[in-house]
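Below is one structure, written out as structure tokens, with a few remarks after it.
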Amino acid sequence: MDELRTQILHEIMRIYGPNQGQSIGAVIVPAFICDFKKVLDDSESMDEISEEYMTEDKRIHLVLTGRKFLGRKGMKYAITDCEFNGTNIKCEHAEY
């Protein structure tokens, strides 16, 4: 999961620059990922689910796809695909 967060933050910094991108990314990346976990958790299905996120200024459009699955100690969550402004970001089954 940390690799995916780093890749998303890198893309945000390309759009906003290093200083503003770092401060924006520190807020929205955890918020988007936390919200997506809640979407997965609230879902009754174990199938893949997609959710779209956009910043207020519409400069960032993030589509997260993932699923929940049963692990040894209960439900686990995985992001299986991530699209940032129309470009796929490798996330190779980022679990959390």
Side-chain angles (χ1 to χ4, degrees):
M1 181 60 63
D2 289 337
E3 182 180 328
L4 178 60
R5 289 175 199 246
T6 302
Q7 289 176 346
I8 293 171
L9 181 59
H10 177 73
E11 294 297 326
I12 290 171
M13 289 184 351
R14 284 182 32 187
I15 291 171
Y16 291 100
N19 293 332
Q20 188 179 12
Q22 186 74 27
S23 63
I24 290 171
V27 174
I28 66 166
V29 173
F32 288 168
I33 291 176
C34 183
D35 181 74
F36 187 61
K37 181 180 179 187
K38 184 178 179 331
V39 168
L40 289 174
D41 194 39
D42 291 345
S43 170
E44 294 180 13
S45 172
M46 302 278 267
D47 295 333
E48 277 194 337
I49 296 172
S50 293
E51 188 74 15
E52 294 186 48
Y53 299 94
M54 187 172 288
T55 54
E56 288 183 16
D57 64 5
K58 298 185 182 326
R59 293 173 71 183
I60 294 175
H61 180 233
L62 183 70
V63 180
L64 296 175
T65 303
R67 65 173 9 121
K68 63 181 177 181
F69 59 95
L70 193 56
R72 287 185 185 176
K73 298 179 181 179
M75 282 298 177
K76 290 191 156 212
Y77 307 90
I79 295 175
T80 55
D81 191 45
C82 178
E83 185 179 296
F84 187 95
N85 287 351
T87 302
N88 280 337
I89 295 177
K90 288 187 179 183
C91 61
E92 299 191 23
H93 205 69
E95 291 183 22
Y96 61 106

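Numbering of residues begins at 1 and proceeds along the displayed sequence.
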By side-chain hydrogen bond (donor to acceptor under 3.5 Å, both in side chains) - contacts of N85 (at least two apart) | none
In terms of heavy-atom contacts, L64 and C82 come closest through CD2-SG, 3.7 Å
Side chains of residues 8-23: which donor-acceptor partners sit under 3.5 Å, not counting sequence neighbours?
residue : atom : partner : partner atom : Å
Y16     : OH   : D57     : OD1          : 2.9
Y16     : OH   : D57     : OD2          : 2.7
S23     : OG   : Q20     : O            : 3.0

Roughly how far, to the nearest 0.5 Å, is CD1 of I79 from CD of E51?
-> 12.0 Å
Kindly write out the residues that satisfy salt bridge (charged side-chain N to carboxylate O under 4.0 Å, His left out) with D42, not counting sequence neighbours, or none if the list is empty.
-> K38
So which heavy atom on P30 is nearest to which on G25, and how close?
-> CD-O, 3.5 Å
Whether over 12 other heavy atoms sit under 6.0 Å from E48 CD = yes
Roughly how far apart are L40 CG and D35 CG, rounded to 0.5 Å?
-> 10.0 Å
S45: what forms a side-chain hydrogen bond (donor to acceptor under 3.5 Å, both in side chains) with it, not counting sequence neighbours?
-> D47
Side-chain heavy atoms under 4.5 angstrom apart, residues restricted to Ile, Leu, Val, Met, Phe, Trp, Tyr: same cluster for I60 and V63?
-> no
Taking only residues two or more places apart in sequence, or in another chain, which ones meet F84 in a ring-ring contact (aromatic ring centres under 6.0 Å, His included)?
-> none
Going from CG on N88 to CG on D81, what distance comes out if it is rounded to the nearest 0.5 angstrom?
-> 5.0 Å
For residues A78 and F69, report the shortest heavy-atom separation together with the two atoms involved.
-> CB-CE2, 3.8 Å
Assign the ring pair F32 / Y53 to parallel, tilted or perpendicular, where the plane angle (0 to 90°) is split at 30° and 60°.
-> parallel
Nearest non-hydrogen partners of S43 and I49, listed with the distance = OG-CD1, 2.9 Å
Is there a path from M75 to I33 through hydrophobic residues (I, L, V, M, F, W, Y) whose side chains come within less than 4.5 Å of each other?
-> yes
Set of side-chain hydrogen bond (donor to acceptor under 3.5 Å, both in side chains) partners for T65, sequence neighbours left out | S50
ILVMFWY cluster, M46 and V39 together (side-chain gap under 4.5 Å) | yes
Quick one: NZ on K76 to CZ on R67, what's the gap to the nearest 0.5 Å?
-> 15.0 Å
